[in-house]
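Have a look at the structure below, then the notes.
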Protein chains: 2
Amino acid sequence: MITTRDIAERIGVSVSTVGRALADDPRISEETKGRVRQAASELGYVGNRAARMMRGASSNVVALVIPDIRNSFYSTIAHELSKNMEAEGFQLMLSETDDDRMAELRHLRELSANRVAGVIIVPTARPHSESVKLLRAVPHLQLLRKHPSLGSQWFGVDDHEALRRATAHLVAQGHTRIAYLGGPEELPTGAERLRGFRTALREGGLPDDAGRTELGPPSSVQHGREAVRRLLEAPDAPSALVSGSIQLTLGILEELSRQGVKVPGELSVVGFGDEPGFSWWGPGLTTVGLPIQEMATGCALWLLRRLKTKPSNDGPYTSVSPGSLILRGSTAPPGGRGPSKSA
Amino acid sequence: MITTRDIAERIGVSVSTVGRALADDPRISEETKGRVRQAASELGYVGNRAARMMRGASSNVVALVIPDIRNSFYSTIAHELSKNMEAEGFQLMLSETDDDRMAELRHLRELSANRVAGVIIVPTARPHSESVKLLRAVPHLQLLRKHPSLGSQWFGVDDHEALRRATAHLVAQGHTRIAYLGGPEELPTGAERLRGFRTALREGGLPDDAGRTELGPPSSVQHGREAVRRLLEAPDAPSALVSGSIQLTLGILEELSRQGVKVPGELSVVGFGDEPGFSWWGPGLTTVGLPIQEMATGCALWLLRRLKTKPSNDGPYTSVSPGSLILRGSTAPPGGRGPSKSA
DNA sequence: TTGAAAGCGCTAACAG
DNA sequence: CTGTTAGCGCTTTCAA
């Protein structure tokens with residue numbers, strides 16, 4: 001590897017002159033700068049960031065800690081962050097936790113050892129206490145999920161409102177046996193979405209047992225399939241179904257297609273997120289559209305600003321729009337037939 | 001930030017003793033080790049990798065350079081790599097090029113400055129000469145696309161064979177006007193897939209002008225939609241369509257749904273990749289399934305081995321299986337009606 | 001306008 | 001078993 005010293009020796013100046021020339025220090029003559037740059041380019045010199053960091057420079061790496069990049073929710077976020085970060089000269093480190101707090105901890109340890117400049121994290125349900133400590137030492141931001149121990153900088157969506165709206169739509173159509181399929185309550189998002197579901201039932205004047213809930217791993221397509229199967233086999237099968245996770249929605253759709261369930265004839269369905277394919281599933285999936293992109297961009301801008309200004313500004317948090325209900329053909333009054341939009 | 005020196009001072013030993021204790025050097029007494037570890041943990045010490053790197057330690061970061069993480073093709077790869085890398089203590093850096101050679105170059109510069117241990121890259125069509133130089137200095141591996149200037153370490157799929165099979169299936173059903181919609185020829189993958197398409201036509205005894213081709217940006221859903229529109233409006237509209245890109249396939253499906261084109265009645269379609277949703281699109285999409293996961297795992301293992309053994313072993317390349325044609329309902333003999341599988 | 005030298009945190013050779 | 005010392009590549013005083 002070529003160092004400043006190699007350049008210095010080659011053109012017969014000192015390393016400090018080389019360093020200054022490369023930093024475009026005004027005290028160095030244009031002529032010397034030229035020779036230095038020339039030599040640097042010929043030798044293929046690439047500055048060593050590790051050395052710079054030892055002199056106090058900060059890393060240009062921001063880490064994104066998420067459950068699983070295959071979830072398009074997260075890959076959209078990763079893309080948006082990456083784009084914004086790259087524009088400011090930052091690189092993106094990707095750490096997948098698979099919703100395992102130990103994996104999360106392992107990653108955070110590595111990230112601290114690497115002295116990353118910042119961390120954007122979708123925390124696991126109950127982060128390890130060491131994870132909490134590690135995060136305290138680096139500018140960070142929670143995304144989607146919010147755990148109190150990790151500070152109050154948070155970007156997310158209004159989960160409660162999103163599910164409330166989705167469910168209210170079904171209630172308004174006259175459904176009285178509605179099932180909710182979502183993540184576990186120990187996840188803040190899971191709890192909020194479930195709460196939104198129940199709020200809508202209550203507001204619709206439905207008894208508490210109108211709602212049947214199936215909670216489970218939110219990133220498991222497989223679990224979505226199984227949960228649907230259980231719901232449909234139960235004696236008092238619901239006439240409508242709301243989902244509280246993208247992956248579960250994928251499982252739901254697959255299983256309903258496989259079983260040939262008539263939607264919305266036998267069952268009305270509201271999905272979560274708006275994946276490619278949701279619009280062409282069966283009669284078109286009515287679903288909750290989420291402002292992921294806006295959220296990710298906001299998140300990136302906040303962190304970038306935070307990284308560029310010394311003082312630690314601790315605005316409490318920012319929540320973005322509740323998402324919008326996208327009406328397609330998968331919902332209709334119970335017992336009715338054909339998509340609601342043709343009613 | 002806590003350093004070894006802080007620990008040393010706290011318990012009254014030298015920094016080297018601390019260093020050795022933390023490295024579990026057999027020369028240090030268990031008792032001292034205990035005290036050092038205790039202090040380290042109390043102070044929340046985290047080793048500084050930048051400093052270690054200056055002492056010759058190598059980075060534990062491997063970079064993945066791809067066009068766009070939103071493409072599920074790449075997010076699957078990222079996930080698979082991440083999983084394998086994490087198991088060996090490596091972190092994954094994510095660099096998106098958007099198929100822009102300048103963005104690619106910018107990323108490679110940053111990656112070299114950070115002295116990443118290795119790079120896995122899906123190169124742009126014609127990488128910048130500086131990119132080539134930069135890559136020469138770091139263990140790297142090409143993925144999917146193969147550019148001669150970037151060495152002969154390559155992992156990919158048999159694109160020629162994949163498209164040949166897909167097209168042959170249509171030819172066998174009696175189609176004589178088949179359209180191919182894929183990436184540009186300047187991309188190695190684009191060229192190979194197109195060649196596979198033409199091979200199948202030729203092998204089927206069809207004249208060269210039996211095939212109509214629409215080439216364009218492979219990651220653009222939008223382009224897929226437009227290309228389909230052009231194909232269908234043309235005077236001699238094809239009776240079958242093959243795709244050579246996941247994103248283009250998404251565009252194709254959206255547009256065909258939107259226009260209400262009867263598949264396979266009016267048009268037979270073979271997609272590329274097997275996304276969630278492809279199975280429930282219309283009559284079910286016949287498509288080319290790709291062994292992405294296997295490829296990514298192979299790729300990870302190869303690089304890990306390469307990083308752990310000093311000698312640079314340059315086996316030429318490994319190509320994995322050609323993918324398999326997944327038969328569903330979207331293909332049928334021309335003029336026939338109903339899915340081919342019901343024939 | 002340029003050089004010499006110190007030091008960031010860590011490891012490893014060389015003493016004790 | 002432990003301490004002293006040097007040096008990785010760079011920036012930054014302090015001198016010239």
Side-chain angles (χ1 to χ4, degrees), chain A residues 1-40 43-61 109-117 137-138, chain B residues 1-40 43-61 109-117 137-138:
Chain A
M1 268 299 166
I2 306 299
T3 72
T4 46
R5 188 172 159 173
D6 297 318
I7 301 179
E9 285 177 354
R10 183 168 222 250
I11 62 178
V13 294
S14 71
V15 281
S16 21
T17 298
V18 171
R20 285 196 271 253
L22 292 173
D24 203 24
D25 190 303
R27 292 175 302 182
I28 302 294
S29 71
E30 281 308 323
E31 197 243 324
T32 309
K33 282 185 189 171
R35 289 171 51 222
V36 169
R37 285 198 267 255
Q38 169 80 22
L43 295 171
Y45 169 80
V46 178
N48 184 332
R49 175 157 269 113
R52 275 200 253 266
M53 282 176 66
M54 288 207 56
R55 292 282 318 171
S58 88
S59 158
N60 69 333
V61 174
R109 280 209 263 250
E110 284 302 331
L111 297 174
S112 324
N114 281 92
R115 300 291 191 270
V116 295
V138 47
Chain B
M1 268 298 167
I2 308 300
T3 71
T4 45
R5 189 172 156 174
D6 296 317
I7 300 178
E9 286 175 355
R10 184 168 221 253
I11 61 177
V13 294
S14 71
V15 281
S16 27
T17 299
V18 172
R20 285 194 273 252
L22 292 173
D24 203 25
D25 190 303
R27 292 174 302 180
I28 302 295
S29 70
E30 279 309 320
E31 195 245 325
T32 307
K33 281 186 190 170
R35 288 171 54 222
V36 168
R37 285 198 268 254
Q38 169 81 20
L43 295 171
Y45 169 79
V46 179
N48 185 331
R49 176 159 265 112
R52 277 201 252 268
M53 281 175 68
M54 288 207 57
R55 293 281 319 169
S58 89
S59 159
N60 69 332
V61 175
R109 283 207 192 118
E110 286 299 333
L111 297 173
S112 325
N114 281 91
R115 299 291 191 273
V116 295
V138 45

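Side chains are part of it too, since the values below use all heavy atoms of this structure and drop only hydrogens, waters and symmetry mates. Throughout, a chain's letter reflects where its sequence line sits, starting with A, and its residues are numbered from 1.
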Check step by step if side-chain contact (heavy atoms from CB on, under 4.5 Å) holds for A:Thr3 and A:Asn48. CA-CA 8 Å; A:Thr3 72; A:Asn48 184 332; over 6 Å; no

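- For D:dT2, its base never sits under 3.5 Å from the side chain of B:Ser29 at any donor and acceptor pair.
- Summarising the geometry, the separation between CD on A:Glu9 and P on C:dT2 is reported as 18 Å, rounded to the nearest angstrom.
- Across all strands shown, B:Ser16 has heavy atoms under 4.0 Å from base atoms, whether or not it also approaches the sugar-phosphate.
- Between B:Asn114 and A:Asn60, some side-chain heavy-atom pair lies under the 4.5 Å cut-off.
- Distance, B:Ile2 CD1 to C:dC10 C1': 16 Å, rounded to whole Å.
- Phosphate contact (OP1/OP2 of C:dT2, side-chain N/O of A:Thr17, threshold under 4.0 Å): absent.
- Between B:Asn114 atom CG and D:dC10 atom P the separation is 14 Å, expressed in whole Å.
- Here the side chain of A:Arg10 pairs no donor or acceptor atom with the backbone of A:Ala39 at under 3.5 angstrom.
- For DNA chain D, the neighbouring residues in residues 49-57 of chain A, judged by any heavy atom under 4.0 Å, are A:Ala51, A:Arg52, A:Met54, A:Arg55.
- Between A:Arg20 and A:Arg5, the residue anchored nearer the 5' end of DNA chain D, judged by the nucleotide with its closest heavy atom, is A:Arg5.
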Does the side-chain contact (heavy atoms from CB on, under 4.5 Å) test come out yes or no for A:Leu22 and A:Tyr45, once each step is laid out? CA-CA 11 Å; A:Leu22 292 173; A:Tyr45 169 80; 3.6 Å; yes

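- Using a 4.0 Å cut-off, some side-chain N or O of B:Ser14 falls inside it from OP1 or OP2 of D:dG3.
- None of B:Asp25, B:Asp24, B:Thr17 except one satisfies the side-chain hydrogen bond (donor to acceptor under 3.5 Å, both in side chains) rule with B:Lys33; the exception is B:Asp24.
- Regarding B:Asn48, its CG atom lies at a distance of 12 Å from the P atom of C:dC8, rounded to whole Å.
- Looking at heavy-atom distances under 4.0 Å, A:Thr3 makes contact with sugar-phosphate atoms alone, never a base.
- What separates CG of B:Leu43 from P of C:dG9 is a distance of 14 Å, to the nearest Å.
- Across A:Val138 and A:Val116, no two heavy atoms sit closer than the pair CG2-O, 3.7 Å.
- Protein atom CZ of B:Arg35 is 15 Å distant from nucleotide atom P of D:dC1, rounded to whole Å.
- Summarising the geometry, the separation between CG on B:Asp25 and P on C:dT11 is reported as 11 Å, rounded to the nearest angstrom.
- The CZ atom of B:Arg27 sits 16 Å away from the P atom of C:dG16 (whole-angstrom rounding).
- Considering every non-hydrogen atom in both A:Ile11 and A:Val36, the closest pair reads CD1-CG2, 3.5 Å.
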